J.: 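Dumping the structure here so I can ask a few things about it.
For reference, positions follow the sequence shown, starting with 1. Here the structure is a predicted model, which means the values were calculated and not measured.
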Amino acid sequence: VSTQSTWGGGLLKRLGTALHIVQNKLILQSEQIVGSETNVPRTNSWVVDQKRTRVGKVFDIFGPINHPYIIVRPNRGVDAAAHVGKKLYIDEAPGRDSKWKRLRS
């Protein structure tokens with residue numbers, strides 16, 4: 001099963017399945033990570049649903065290295081409960097975050 005797919009011209013990397021809501025944050029069980037730690041998402045990475053709607057950002061990562069849990073802080077106005085049981089993704093559209101980081105520095 002591939003953990004990457006292209007929709008709308010950019011790359012979506014499957015992050016995991018939303019399991020619970022704790023203190024207004026989504027807890028995801030990640031896909032099994034094979035290979036190096038470069039496959040682990042960075043904190044503050046944008047998390048999107050299948051339609052590329054921004055759900056929130058990666059807040060923290062914990063648990064076993066090869067199958068971690070991920071805490072996602074939802075954006076304001078996002079109903080976190082609507083995403084429980086659904087797969088969420090990291091949007092790896094080229095240039096989006098790197099351009100923002102260059103502007104800030």
J.: Show me, pair by pair, the donor-acceptor contacts under 3.5 angstrom made by side chains of residues 75-83, not counting sequence neighbours?
T.:
{"residue": "Asp79", "atom": "OD1", "partner": "Ala81", "partner atom": "N", "Å": "3.3"}

J.: Can you name the closest pair of heavy atoms from Gln50 and Leu12 and give their distance?
T.: O-CD1, 4.3 Å
J.: Out of curiosity, Lys25 NZ to Arg73 CZ, how far, rounded to the nearest 0.5 Å?
T.: 7.0 Å
J.: Under a 4.5 Å cut-off applied to non-hydrogen side-chain atoms, are Ile90 and Val47 in contact?
T.: yes
J.: Hey, are the side chains of Tyr89 and Lys13 touching, using non-hydrogen atoms and a 4.5 Å cut-off?
T.: no
J.: Heavy atoms, side chains only, cut-off 4.5 Å: are Lys86 and Leu28 in contact?
T.: no
J.: What residues form a side chain to side chain contact (heavy atoms under 4.5 Å, CB included) with Thr17, not counting sequence neighbours?
T.: Lys87
J.: Please find the pair of heavy atoms, one from Val55 and one from Val48, that lie closest to each other, and give the distance.
T.: CG2-C, 4.0 Å
J.: Minimum heavy-atom separation for Ser30 and His67, please, with both atom names.
T.: O-CE1, 3.4 Å
J.: Who pairs with Ile61 by side chain to side chain contact (heavy atoms under 4.5 Å, CB included), at least two apart in sequence or on another chain?
T.: Val40, Pro41, Val58, Pro68, Ile70
J.: If hydrophobic clusters are built from ILVMFWY residues whose side chains come within less than 4.5 Å, do Val22 and Ile71 share one?
T.: yes
J.: Could you pull out the closest heavy-atom pair between Ala18 and Leu88, with the gap in Å?
T.: CB-CD1, 4.5 Å
J.: Would you please name every residue forming a ring-ring contact (aromatic ring centres under 6.0 Å, His included) with Phe59, sequence neighbours left out?
T.: none
J.: For a 4.5 angstrom cut-off between non-hydrogen side-chain atoms, does Val84 reach Leu19?
T.: no
